[in-house]
Number of protein chains: 4
Amino acid sequence: MAKQPNPARRNERSRQAILTAARDLVSEVGYAKLTIEAIAARAGVGKQTIYRWWPSKGAVIFDAFLALSEAGPEQGIALPDTGDLEADLKMVMRATAAEFADPASEAPIRALNIEMINDPGLAAQYREKLADPVNEAKKARLRSAQRAGQLAADADLDLALELLYAPLYQRWLLRSGPLTPEYADTLVEVFLKAMRPEPA
Amino acid sequence: MAKQPNPARRNERSRQAILTAARDLVSEVGYAKLTIEAIAARAGVGKQTIYRWWPSKGAVIFDAFLALSEAGPEQGIALPDTGDLEADLKMVMRATAAEFADPASEAPIRALNIEMINDPGLAAQYREKLADPVNEAKKARLRSAQRAGQLAADADLDLALELLYAPLYQRWLLRSGPLTPEYADTLVEVFLKAMRPEPA
Amino acid sequence: MAKQPNPARRNERSRQAILTAARDLVSEVGYAKLTIEAIAARAGVGKQTIYRWWPSKGAVIFDAFLALSEAGPEQGIALPDTGDLEADLKMVMRATAAEFADPASEAPIRALNIEMINDPGLAAQYREKLADPVNEAKKARLRSAQRAGQLAADADLDLALELLYAPLYQRWLLRSGPLTPEYADTLVEVFLKAMRPEPA
Amino acid sequence: MAKQPNPARRNERSRQAILTAARDLVSEVGYAKLTIEAIAARAGVGKQTIYRWWPSKGAVIFDAFLALSEAGPEQGIALPDTGDLEADLKMVMRATAAEFADPASEAPIRALNIEMINDPGLAAQYREKLADPVNEAKKARLRSAQRAGQLAADADLDLALELLYAPLYQRWLLRSGPLTPEYADTLVEVFLKAMRPEPA
DNA sequence: GAGTAAGCGAGACGGTACGTCCGGTCTTTGT
DNA sequence: ACAAAGACCGGACGTACCGTCTCGCTTACTC
């Protein structure tokens, strides 16, 4: 049985330095060339301090992102609800497309995704900590649309999110096409066609 | 200037041994732990023989797959066309889902995808050599459906394929849900709703 | 300026535990693999408690031995003096040879010697605290022999001790020959030949 | 079973660079602070190249010395034989004392000795490759003295060498006294007294 | 007897070196 | 001339200890 470190004694300054160094280095050299040694050196930290608290390089990257997000709007993420579902969704999808297209976030997000593909545990953690809260907000907006009769009342909302986002995600991941605002709009339109209420 | 090896003198036996070893090792230890040295040792080949003919580990994996596919039906891939678009698509989608769900092909396909995510060039090559021919066959079937009035005549067929496959691909890649035949069916149904001809 | 710990407050129980642990570990794993961490762990003591009271690993080993010796006859070590110098010396030399040959004391004595070879200060301390008193007793016996006319009156007694003991020490240290009682006897005989009074 | 490297393919330039670096570093920083990494770096060599050919740090040091000696008078070491045993021995012993007293050779010889004390195998190798040939030459001189009636005919020559050299060795190793020419002379004189032929 | 300061067990920390593994290059020896 | 074999330099891996540094806790000594 491996000895467990005592989290109460953890040095918060070191933790922050490591996460920051990890983020910076992913942006600079890319995920494939990222090394624990380089993170430790950049953070001014002993390697053991990384190995003590994280089981893998992927876990460090993951925490680096988690820390970023938690620094954001702590609770209650809410999507715009103007009453016009199509307009609201287009706005959100365009924003997502723009974020993906931003070269600055390119490397780190890609790193995180590769790590999730390799490590199911990490992927589950990602969903729980980062994706689910956001998805819940999105589903809340869709439920509001269902109540307003703009969306089929019996629509599977998880499927709905997949329909909306998976094509965008795939294009970005495999670089199989441009992530333009027009493409975002098109996805929303097709989605609405698929999910609109039956004419009765 | 690097010296170019002469492909005419290439040892076909070594090439096959390398590709086979690469496939086997990816299945056994996973992509992340796959090493060139191990491939060379398993194939009974000098490391240089690998470096001489392939620029990267990803390229070897890619060729290993390409070789597999080319062993298949060399030309003229065609999808079933019974006249019933929904049934035909469900069959194809169920087959795709089953292939993804098969643990045997899990590791290698995942390896190939990670490599494509990291290496745009490889991704392009993949599309050109493997994906496009298959996609063309799929689009042929959809065009047939358009002519039969089962699909909107002005539908963007590339978008159509994304709509159909991206959710499946995303679920598999991130393990975010089960790849059941029912799910395959559902995707086809939603797709058809989104792409059906306007009632006029 | 380093803060000096107050010896009055020193925990005797910890001190003993450390010395005992050090002795045990030297026997078990040898000097080269002895670590401060292991001593602390074995003794159930914080590392700092060792660093507070000893300047080096060698100093701990040294004290471990000192403690052992001080447990013995506190003052007034005296060699047997039966009047027969040769018999008396042979007894003492055989005992020394036997002690060196004992596998139990092998590792720790070797450890102490290596430390002395590396650290002149420690060697001086060793001579002052452990070797000199013993040597003084030996020289007292030799002086008695000089008075009895069994040894040259002008013999250099320090040189005499070197002549007697150095060959034994060298054999033991470098394992260059067996440490038998016969060898001990031979050394005494040769020594007496070299140091006997001139016939004149 | 570990794979054995093929000595035929060994890079002689690397071997020399490693041995030279080892010698230099022992002189500069001492044996205790000598590291394999530093040797590799100084020699411009990968660490693996050291680990491939030597089992331990001590073995490297040992080879470094062996190489030095082998560069010397390849075969047939002979001591001076003027017919005057005392004068010849004093010359040799004074030279040995001077060599030990030389600060330049201090660190490396001490390193080698510590390593031999710790590693019986290394000590045996040392005797076989370095000490025995030299000792044989010394014994040859003593045999010549026996034939000339200057030394007891039945004297044990191995013991004789111990008697002569062990006190010197011990003084040097433990720094227990000065290594003056006078001391060397005294040792020879005492030795001759102990080993001279019986008056008959 | 309360307050305080030291030593204490514990163990996290910034580091250094370990010995191993592998990447990519170069050299030797067939064939 | 390519291939197998594998030594080479380089560099990251994950581990072990170093000696230092906080933590609370216990244990004297002081007031």
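Per chain, numbering begins at 1; letters A, B, ... match sequence-line order.
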Could you say whether A:Glu37 or C:Gln48 is positioned toward the 5' end of DNA chain E, judged by the nucleotide with the nearest heavy atom to each? C:Gln48

For the side chain of B:Arg10, counting heavy atoms from C-beta on, which of F:dA7, F:dC13, F:dA3 is nearest? F:dA3

If you compare every side-chain N and O of C:Thr49 against the phosphate oxygens of E:dG9 (OP1, OP2), does one of them come in below 4.0 Å? yes

With a non-hydrogen cut-off below 4.0 angstrom, is D:Arg52 in contact with a base, only sugar-phosphate, or nothing? base

Protein-nucleotide distance (A:Glu12, atom CD; F:dT22, atom P), rounded to Å: 17 Å

How many Å lie between CZ on A:Arg13 and P on F:dC21, as a whole number? 16 Å

Can you check the B:Ile39 CD1 to F:dA5 P distance for me, whole Å? 16 Å

A:Gly46 or C:Ser14, whichever maps to the more 5' nucleotide of DNA chain E: C:Ser14

Nearest-nucleotide check on DNA chain F, B:Ala43 vs D:Asn6; residue mapping nearer the 5' end is B:Ala43

Spacing between C:Arg42 atom CZ and E:dG9 atom P, to the nearest angstrom: 16 Å

Separation of atom CG in A:Leu34 from atom C1' in F:dC13, rounded to whole Å: 13 Å

Should the pair B:Arg42-B:Glu28 be classified as a salt bridge under the 4.0 Å nitrogen-to-oxygen rule? yes

Quick note, A:Tyr51 side chain, CB onward, closest among F:dT15, E:dG19, F:dC18 is F:dT15

So does B:Trp53 get a side-chain nitrogen or oxygen closer than 4.0 Å to the phosphate oxygens (OP1/OP2) of F:dC2? no

Taking C:Arg110 for its side chain and C:Leu173 for its backbone only, find out whether a donor-acceptor pair lies under 3.5 Å. yes

Phosphate OP1/OP2 of E:dG24: any B:Trp54 side-chain N/O under 4.0 Å: no

The residue, B:Asn11 or A:Ile36, whose nearest nucleotide of DNA chain F is more 5′ is B:Asn11

Should A:Lys47 and A:Ile50 count as side-chain neighbours, where that means a heavy-atom distance under 4.5 Å? no

CZ of D:Arg15 versus P of F:dC8: gap in Å, rounded? 12 Å

Spacing of B:Lys33 atom NZ relative to E:dG23 atom P, expressed in whole Å: 14 Å

Sole residue of D:Asp63, D:Asn11, D:Ile39 in side-chain contact (heavy atoms from CB on, under 4.5 Å) with D:Ile18: D:Ile39

Determine whether a donor-acceptor pair (N or O, by modelled atom type, separation under 3.5 Å) exists between the side chain of C:Thr20 and the backbone of C:Gln16. yes

Nucleotide nearest C:Arg9 when distance is taken to its side chain, options F:dT15, E:dG7, E:dG19: E:dG7

Respond yes when some side-chain nitrogen or oxygen of C:Thr35 is under 4.0 Å from OP1 or OP2 of F:dA16, and no when none is. no

Among F:dT15, E:dT20, E:dC8, the one nearest any side-chain atom of D:Lys47 is E:dT20

